[in-house]
Chemist: 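Shown below is the structure under consideration.
Order of appearance sets the numbers: ligands from 1, and atoms from 1 within every ligand. Computation of the quantities below employed the complete heavy-atom set of this structure, encompassing side-chain atoms and omitting hydrogens, waters and symmetry-equivalent molecules.
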Amino acid sequence: MKVLVIGNGAREHTLAWKFFQSKRNTGVYVAPGNAGTEHFATNLPNISGLDPDQVIDACKIHGIDLVFVGPETPLSLGLVDRLQEKNILCVGPNKRAAQLESSKAFSKKFMATHSIPTAEAVVCTSLEEVKEYWNNHKKKIVVKMSGLAAGKGVLESDKEQEILDFAAKGLKEGPLVLEEFLNGYEVSLFALTDGDSYTLLPTCTDYKKAKDGNLGGNTGGMGAICPVPWVDSKLLQKMVQEIVEPTFEGFKKENFDYRGVVYFGVMVTDKGPKLLEYNVRFGDPEAQVLIPLILNDFCNLSEAIATKTLKNLEVRISHQTALGVVVASPGYPESYKKDLPVSLPRPNQQQLLFHASTYSANGTVYTSGGRCFTCVGLGDEILTARTSAYSVATSVTFPGAWFRKDIGNRVFGQ
Ligand code: AMP
Ligand code: GLY
């Protein structure tokens, strides 16, 4: 089977790496890919997932059997709809279902219709409405742009002026969602679905803040663990009953033809789990720790999702733990340096090194993004996974490279 992965991040490197291991692999292509994927796959640097015509042409030229769409933007623009019209198998929801991520106004309405617990929220389209909401609450709230904002569209604040300034800017792009601030800890839950049945994958957690101790600015994610040691079976069962099941029932009632990955961003509060958001794809860096633990042949699994035969397949998961540490460029999550030459270690059997938007020139790898690498350690215990991951992270060297030092610490009471 020939597979095309859309994207250039560490998540897509992980997907391509997993497809490469399939017994059915007769070619892995990545558009546009990075300096990590070029070692075992064919990068298509001039093909953009944002242009369905380019992707369709590439599928024809290379005889692609299945497309796996990594990031949200091509999904929200309807790439899957166009590929399905051409009878190309795809993993990823169509444009209508992708609104669950691309419009927070849409997803909040879906949650309300299907009684899924979430933060209380209102949609505002004017500054007057924002002021009115603030005047009625006057405590820490969360202001979110309704559309895709690559993790930059959220403000948590209890300062009127800061809220109004953020809102004034955000309203230029579209409606805003204002909601109560929820205290708790976050869990990322992933399910694979073919629209008829679903399979839940092990729990993940993502370290979203830039600095140790969960301080500093929001990032795309600086580290991850899978499975999460502090989520017990009772909590998992509650999340399934109150959030996952009603979501898939809602998909059926609303006739979503959803064949792909559903990401539930859950806040565990003292009043129970609440759904913060849906994403319509794997998380990054969660994919880098979750996918290595899936034991199934990835061509078989992806084909089952795309052809609505998932119920015939048993998803098998490794007993190991995976821990990932993201190595970032100096300045990230604010403006950051690019084109930095990198020296990379050679990972051992229990270590994985995934690139994010790197490129190579004359035999040297260069950075070109903010989050540059995810270093993953695998182990029977989280402690060994952690040691393995950090030994890779400390050996990835480029000027100003940095990473959080506390991924997984909570487990050790730190
Ligand atoms: P979202 O785009 O909805 O995932 O929000 C991005 C991040 O902002 C989440 O992962 C949380 O860390 C934080 N966040 C969003 N909504 C809330 C909320 N209602 N209460 C507390 N934190 C939130
Ligand atoms: N790790 C958060 C995300 O992928 O949205």
Chemist: Counting only heavy atoms closer than 4.0 Å, does ligand 1 sit against the backbone of Leu182, its side chain, both, or neither?
Modeler: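 It is both parts that get close, each with some atom under 4.0 Å.
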Chemist: In terms of side-chain geometry, is the basic nitrogen of Asp158 or Lys138 positioned less than 4.0 Å from the acidic oxygen of its partner?
Modeler: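 Salt bridge: no.
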Chemist: Considering the heavy atoms of Met267, write down every atom of ligand 1 situated less than 4.0 Å from one of them.
Modeler: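 Heavy-atom distances to Met267 below 4.0 Å select 21 (C), 22 (N).
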Chemist: Before accepting this row, confirm whether a basic side-chain N of the pair Lys144/Glu277 lies closer than 4.0 Å to the acidic partner's carboxylate O.
Modeler: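 Salt bridge absent between Lys144 and Glu277.
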Chemist: For atom 12 (O) of ligand 1, which candidate among Glu277, Met145, Glu186 provides the closest heavy atom?
Modeler: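 Nearest heavy atom to atom 12 (O) of ligand 1 lies in Glu186.
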Chemist: Touching ligand 2 at all, Gly283? Heavy atoms, strictly under 4.0 Å?
Modeler: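 Yes; Gly283 lies near enough to ligand 2 that a heavy-atom distance drops under 4.0 Å.
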Chemist: With a cutoff of 4.0 Å, is Glu180 in contact with ligand 1, counting heavy atoms of the residue only?
Modeler: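 Yes, Glu180 has heavy atoms under 4.0 Å from ligand 1.
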Chemist: Considering only NZ, NE, NH1 and NH2 on the basic side and carboxylate oxygens on the acidic side, decide whether Arg24 and Glu303 come within less than 4.0 Å.
Modeler: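 Here Arg24 pairs with Glu303 in a salt bridge, since their nearest N and O are under 4.0 Å apart.
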Chemist: Verify whether one side chain among Arg404 and Asn409 offers a donor that lies under 3.5 Å from an acceptor in the other.
Modeler: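 Per modelled atom types, Arg404 and Asn409 side chains form no pair under 3.5 Å.
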Chemist: When you check the gap from the basic side-chain N to the acidic O, do Asp232 and Lys234 get nearer than 4.0 Å?
Modeler: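 Judged by the 4.0 Å cut-off on N to carboxylate O distance, Asp232 and Lys234 do not form a salt bridge.
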Chemist: Taking N or O atoms only and a 3.5 Å limit, does Asp284 qualify as a polar contact for ligand 2?
Modeler: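 Yes, since at least one N or O of Asp284 sits under 3.5 Å from an N or O of ligand 2.
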Chemist: Determine whether any heavy atom of Phe282 lies closer than 4.0 Å to an atom of ligand 2.
Modeler: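 Per 4.0 Å heavy-atom rule, Phe282 does not contact ligand 2.
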Chemist: For ligand 2, which atoms sit closer than 4.0 Å to a heavy atom of Asn279?
Modeler: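 So the answer, numbered in order with elements, is 5 (O).
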Chemist: At less than 4.0 angstrom from any non-hydrogen atom of Ala119, what atoms of ligand 1 do you find?
Modeler: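 Here the atoms of ligand 1 in question are 19 (N).
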Chemist: Would you find a donor on one side and an acceptor on the other, under 3.5 Å apart, between the side chain of Thr367 and the backbone of Gly369?
Modeler: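 Between the backbone of Gly369 and the side chain of Thr367 there is no qualifying donor-acceptor contact (under 3.5 Å).
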Chemist: Cut-off 3.5 Å, side chains only: do Glu245 and Tyr198 have a donor facing an acceptor?
Modeler: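 Their side chains do contain a donor-acceptor pair, which is all the 3.5 Å distance test asks for.
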Chemist: Is the closest N or O pair between Asp206 and ligand 2 shorter than 3.5 Å?
Modeler: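 Asp206 vs ligand 2: N/O contact under 3.5 Å present.
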Chemist: Report yes or no: is the cationic atom of Lys405 (NZ for Lys, CZ for Arg) closer than 6.0 Å to the six-membered ring centre of Phe403, at no more than 45° off its axis?
Modeler: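 Yes, Lys405 lies over the aromatic ring of Phe403.
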Chemist: Any idea which atoms of ligand 1 are less than 4.0 Å away from a heavy-atom of Lys208?
Modeler: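 Contacts of ligand 1 toward Lys208, numbered from 1: 10 (O).
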Chemist: Taking only Lys NZ, Arg NE, NH1 and NH2, and the carboxylate oxygens of Asp or Glu, determine whether Asp257 and Lys308 approach each other closer than 4.0 Å.
Modeler: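 Result for this pair is yes, salt bridge flagged.
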Chemist: Can you name the atoms of ligand 2, numbered from 1 with element, that are less than 4.0 Å from a heavy atom of Gly220?
Modeler: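 Under 4.0 Å from Gly220, ligand 2 has these atoms: 1 (N), 2 (C).
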Chemist: Any idea which of Glu101, Lys144, Glu120 brings a heavy atom closest to atom 16 (N) of ligand 1?
Modeler: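 Residue with the shortest heavy-atom distance to the ligand atom: Lys144.
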Chemist: So between Lys104, Glu179, Lys274, Lys140, whose heavy atom ends up nearest atom 2 (O) of ligand 1?
Modeler: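 When every heavy atom of Lys104, Glu179, Lys274, Lys140 is considered, Lys104 comes closest to atom 2 (O) of ligand 1.
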Chemist: Does Arg281 come within less than 4.0 angstrom of ligand 2, counting non-hydrogen atoms of the residue?
Modeler: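 Contact check Arg281 vs ligand 2: positive.
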Chemist: Give a yes or no on whether a salt bridge exists between Glu101 and Arg281, defined as a side-chain N under 4.0 angstrom from a carboxylate O.
Modeler: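 Yes, Glu101 and Arg281 are salt-bridged.
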Chemist: Run down the list Thr269, Asp206, Val154, Asn183 and name the one with the heavy atom closest to atom 8 (O) of ligand 1.
Modeler: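 It is Val154 whose heavy atom sits nearest to atom 8 (O) of ligand 1.
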